Amino acid sequence: QGGCCLAIVLVAAWDDLRSGRISNQLIVAGLLAGFLCQVVQYKAAGIVLFLGGSLLPLLLLGWCFIFGCLGQGILSCFCVVGGFLGAMDLLKCMLVAVVFGAVWSFWILWKRHLWPERFGYFMQYTATYAKERRWKSYLDGVGKAGRICFSLPILASVLCYMGGWI
């Protein structure tokens, strides 16, 4: 079960690095595989475990997708991981992925000297909202330098889970 989840997240990370997207076919295959693994291992209770784990990211991170802070592929990737691991273990992976993502983002900002640019964009974004009282996607107008491939922190968190570190 864990090996299949790891394989799917590894392919998702490769997809994301290569093209900036995670294919819908991979997500559907991952959800189906997670469902089958849970049902084979836990019978009818596996359906509940799968649904709880795969729907939790929508509840917790759906707002990030709505406001354009998180892409559909990353949200779906978390759903796949949750389908395999269940809600409690998914929460651990999500927390670790956010920590890895934050550390990586800070490193990129420092290494590329992007602090002034990113801080300026954030200030402009909040000023625009304060003036217009209308939400827009946070990533509108953000170039490639302002984005990170968040599938890598997800992969790192699954590796930590598989290694027994979380």
Side-chain angles (χ1 to χ4, degrees), residues 1-40 46-47 49-109 111-112 114 118 121 125 135-163 165-166:
Q1 182 172 331
C4 190
C5 178
L6 178 61
I8 290 168
V9 173
L10 188 61
V11 173
W14 174 255
D15 243 10
D16 199 8
L17 280 171
R18 185 179 48 80
S19 68
R21 300 178 46 95
I22 299 172
S23 79
N24 290 333
Q25 292 86 351
L26 179 64
I27 296 300
V28 169
L31 288 170
L32 182 58
F35 177 79
L36 291 175
C37 284
Q38 291 287 18
V39 169
V40 165
I47 297 171
L49 287 170
F50 171 80
L51 289 174
S54 63
L55 295 177
L56 186 61
L58 297 175
L59 294 172
L60 296 179
L61 299 174
W63 66 272
C64 290
F65 173 71
I66 290 168
F67 292 121
C69 304
L70 193 68
Q72 176 185 348
I74 298 303
L75 182 60
S76 300
C77 193
F78 272 129
C79 291
V80 169
V81 171
F84 276 101
L85 304 184
M88 294 308 291
D89 288 337
L90 170 69
L91 283 173
K92 295 175 193 173
C93 282
M94 288 175 78
L95 179 62
V96 169
V98 167
V99 170
F100 277 133
V103 169
W104 188 27
S105 295
F106 282 117
W107 183 80
I108 289 172
L109 289 172
K111 185 76 173 165
R112 296 181 184 168
L114 294 171
R118 298 308 309 146
Y121 180 81
Y125 180 83
W135 290 108
K136 69 173 191 146
S137 173
Y138 186 76
L139 295 176
D140 281 353
V142 173
K144 189 170 180 147
R147 300 172 187 246
I148 68 163
C149 180
F150 200 79
S151 57
L152 292 177
I154 295 173
L155 175 61
S157 73
V158 171
L159 286 169
C160 287
Y161 175 81
M162 298 285 299
W165 299 320
I166 58 171

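In this text the structure is predicted, and so the values were computed from the model without any measurement.
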Atom pair [atom1] ([X]) and [atom2] ([Y]), whose distance is rounded to the nearest 0.5 Å:
| X | Y | atom1 | atom2 | answer |
| --- | --- | --- | --- | --- |
| Asp15 | Leu10 | CG | CG | 10.5 Å |
| Met162 | Leu85 | CE | CG | 9.0 Å |
| Trp14 | Ser151 | CH2 | OG | 11.5 Å |
| Ser105 | Phe150 | OG | CZ | 7.5 Å |
| Tyr161 | Leu90 | OH | CG | 10.0 Å |

For the residue pair [X] and [Y], what are the closest heavy atoms and their distance?
| X | Y | answer |
| --- | --- | --- |
| Ala33 | Cys4 | CB-SG, 4.0 Å |
| Gly34 | Phe50 | C-CD1, 3.8 Å |
| Ile22 | Cys77 | CD1-CB, 4.3 Å |
| Cys5 | Val158 | SG-CG1, 4.4 Å |
| Ser54 | Cys79 | O-SG, 3.2 Å |
| Ala13 | Leu152 | CB-CD2, 4.0 Å |

* side-chain contact (heavy atoms from CB on, under 4.5 Å) against Leu159, all qualifying residues, sequence neighbours excluded ->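 Residues passing side-chain contact (heavy atoms from CB on, under 4.5 Å) with Leu159: Leu6, Leu155.
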* Sidechain-backbone polar pair: Asp16 side chain, Cys149 backbone, donor-acceptor under 3.5 Å ->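 Absent.
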* Side chain of Gln38, backbone of Gly83: donor and acceptor closer than 3.5 Å? ->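 Yes, because the side chain of Gln38 sits within donor-acceptor range (under 3.5 Å) of the backbone of Gly83.
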* To do: Taking the side chain as every heavy atom from C-beta outward, state whether Phe84 and Ile8 have any pair of such atoms under 4.5 Å apart.
  =>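 Heavy-atom side-chain distance check passes, below 4.5 Å.
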